[in-house]
Number of protein chains: 2
Amino acid sequence: MTQGRFTAETTRLDDAARAGWLYYVAGNTQDEIARKLSVSRQTAQRLVSLAVSERLVKVRLDHPIGRCMDLAGMVTDRFGLQFCEIVPSDPDAPGLLTGVAIAAAVELERVLKSDEGRIIALGTGRALKATVEQLPRLDCPRHRIVSLLGNMMSDGSATPYNATIAMAERVGAKHYPYPLPVLASDPDELKVLHAQEAVRNTIGLGQQADLTLVGIGQMGRQAPLVVDGFVAEAEMAALVAAGATGEITSWIYDGDGHVLDCDFNRRVASVPLPKAAERRVIAVAVGEAKRPALTAALGGRLVNGLITNEAMAERLLAAK
Amino acid sequence: MTQGRFTAETTRLDDAARAGWLYYVAGNTQDEIARKLSVSRQTAQRLVSLAVSERLVKVRLDHPIGRCMDLAGMVTDRFGLQFCEIVPSDPDAPGLLTGVAIAAAVELERVLKSDEGRIIALGTGRALKATVEQLPRLDCPRHRIVSLLGNMMSDGSATPYNATIAMAERVGAKHYPYPLPVLASDPDELKVLHAQEAVRNTIGLGQQADLTLVGIGQMGRQAPLVVDGFVAEAEMAALVAAGATGEITSWIYDGDGHVLDCDFNRRVASVPLPKAAERRVIAVAVGEAKRPALTAALGGRLVNGLITNEAMAERLLAAK
DNA sequence: GCCTTTGGTGAATATTTGCCCATACAATAG
DNA sequence: CTATTGTATGGGCAAATATTCACCAAAGGC
């Protein structure tokens with residue numbers, strides 16, 4: 001039954017989509033749209049901008065910009081990557097996620113187009129959330145989306161940056177949320193949790209993913225782990241003192257990209273990071289704050305693919 | 001970032017792509033782009049529009065409506081329509097009227113919103129009845145609703161699919177029921193009936209309607225004309241044998257959309273179909289059974305507007 | 001060498017768009 | 001039933017964008 005779509009809310013979005021189509025695809029002026037839709041020009045304008053702000057219209061740039069290709073080549077060589085995509089950056093907004101999100105979404109789409117059932121594993125974070133928002137609505141029931149870590153805190157509340165559910169909903173695929181909190185109370189509890197069959201199954205899926213997309217978490221006061229309340233500031237300071245440089249799906253690693261042997265990591269419930277780089281593991285990260293963490297992850301071969309922007313690429317290459 | 005200008009050729013498109021990126025993805029103004037690229041504002045504008053005209057930027061609408069509008073565009077081109085609306089269809093219920101009824105109601109409302117008095121002419125049928133049911137209650141005393149055909153059988157009983165009365169009641173407009181039965185007993189009686197002043201007046205109104213909404217009737221056993229008892233099954237078989245393909249307000253036409261020269265049509269009392277397409281005549285039809293009738297009507301330019309759903313649109317386009 | 005063509009530029013100008021505000025309308029609470 | 005509050009609307013205006021024009025510089029033909 002499609003009736004449900006015809007609520008007032010949806011009608012408004014429909015109009016927004018229609019206006020956006022007339023504007024961007026058919027090249028109508030807002031005045032013409034207003035006439036065709038029998039609304040005032042101002043309303044037409046609002047509809048168009050609604051279509052934009054609701055992300056109904058997606059703009060994609062189809063030209064390999066020379067500078068970006070050059071940077072991608074250099075980054076690939078320097079860090080021994082299998083995949084690297086550099087998008088232009090706006091000098092005034094070097095942390096803008098939209099660009100990398102689009103690039104990552106394109107890469108996801110490439111996998112989703114496959115006829116065979118694929119497994120896609122996702123971490124969490126703002127970058128991945130933005131990526132999923134750039135995905136078109138598809139119907140790919142053969143593919144499976146697996147979460148690499150929980151999105152619950154120990155008290156049961158959820159963090160907002162889980163991308164798995166949104167993605168599975170968008171592309172119509174089966175999805176496997178990670179059935180554990182991010183952190184266990186202690187290593188023994190973790191052992192018990194990991195022994196569950198559902199958990200073992202999900203971990204197994206995550207480890208054989210055809211494409212793994214992860215964000216990069218920095219350390220320090222603004223660290224996602226701190227902001228989202230998994231680590232107290234004092235604890236974070238101790239971790240940093242112990243050499244913590246960054247984090248991928250909550251696994252904290254040092255400046256060489258080696259996962260730390262510490263109390264925190266012994267409580268992390270996430271799927272273990274893939275050891276060898278036989279799987280495609282792509283990091284999505286922008287923003288100066290994440291540079292040390294990203295540098296370490298690349299150096300330690302924790303990932304073998306990267307999607308970032310010019311600003312970050314230049315800094316990565318300039319370093320050392 | 002105005003780094004590397006390498007070869008003239010690549011740089012131009014590169015800049016265009018970069019300008020387009022800054023404009024559409026990063027949301028810069030052309031002035032800002034001009035500064036960042038160290039060119040004049042006009043050049044920045046040229047670069048952006050170059051990016052557009054070179055199809056470097058691809059805009060996509062992520063809403064079901066996008067597909068609908070594409071289909072509408074194709075159907076419009078194919079059949080030379082002035083108006084075409086395609087609504088999403090429920091794959092499980094391709095004949096569901098709700099969607100098109102809402103779309104048609106929206107179109108009616110658009111006309112009803114007008115300050116000037118409008119004339120709206122209606123045919124009959126389930127689709128139109130459903131359409132009227134989707135109309136909100138309004139108060140539009142300036143508009144006039146005209147019926148294009150009778151709803152009485154020769155014996156005086158009424159068919160249930162008359163939309164005029166319900167619509168006039170809903171929107172508070174003046175209405176003109178068609179003061180004749182659907183069929184006259186013979187051509188001579190029809191001549192007498194048509195000579196009445198009230199009839200001539202109503203016909204005149206119907207012919208100058210600002211918007212005409214009609215359903216499409218198929219032929220065969222399930223034809224509205226048969227189901228509603230205007231045509232016996234045997235007579236229908238004869239009509240089909242003579243080429244009858246569909247009917248609009250009881251005027252039966254052939255596969256090319258030409259009104260048949262037959263006994264039946266000589267007894268039809270309905271308002272004549274508009275010859276030239278200078279009025280907006282919109283057909284509302286869904287359901288596979290109606291496809292041949294609709295195809296013929298479109299091919300013969302009996303209507304210049306169409307409201308249907310994706311399923312029908314796709315079939316119309318796939319045919320021939 | 002000179003002229004023409006092509007493609008690009010900035011200035012001026014026309015058009016379009018984005019934003020603020022006063023108002024109207026509808027839902028909700030009292 | 002009325003007051004209130006939140007939300008949508010359209011007008012006006014400033015900013016942004018598109019277009020036109022006159023001009024210039026380089027490439028290529030005569």
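This structure is a prediction, so every number in the text was calculated from the model and none was measured.
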Review point. Once you round it to whole Å, what is the distance between P of D:dA16 and CG of B:L22?
Key: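 Distance, rounded to whole Å: 16 Å.
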Exercise for review: Give the rounded distance in Å between these two atoms: CG of A:L50 and P of D:dT9.
Suggested key: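 Distance check: A:L50 CG to D:dT9 P gives 11 Å.
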Exercise for review: Report yes if the side chains of A:R291 and A:M312 come closer than 4.5 Å at any heavy-atom pair, otherwise no.
Suggested key: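 A side-chain contact under 4.5 Å exists here.
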Revision key, fill the gap. B/S/- along nucleotides 8-17 of chain C (protein heavy atoms under 4.0 Å) is SBBB----SB
**Study point:** Test side chain to side chain contact (heavy atoms under 4.5 Å, CB included) applied to A:R137 - qualifying residues, sequence neighbours left out
**Key:**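 Once residues adjacent in sequence are excluded, the partners of A:R137 under the side chain to side chain contact (heavy atoms under 4.5 Å, CB included) criterion are A:E169, A:R170, B:D62.
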Check your understanding: For the atom pair OG1 (A:T43) and CD (A:Q30), what is the distance rounded to the nearest 0.5 Å?
Key ->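 Going from the OG1 atom of A:T43 to the CD atom of A:Q30 covers 11.0 Å.
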**Study point:** Heavy-atom donor-acceptor pair, B:R301 side chain to B:F79 backbone, under 3.5 Å
**Key:**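 Such a contact is found between B:R301 side chain and B:F79 backbone.
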Exercise for review: Could you please spell out the steps behind the side-chain contact (heavy atoms from CB on, under 4.5 Å) verdict for B:V87 and B:E310?
Suggested key: CA-CA 6 Å; B:V87 305; B:E310 285 178 299; over 6 Å; no
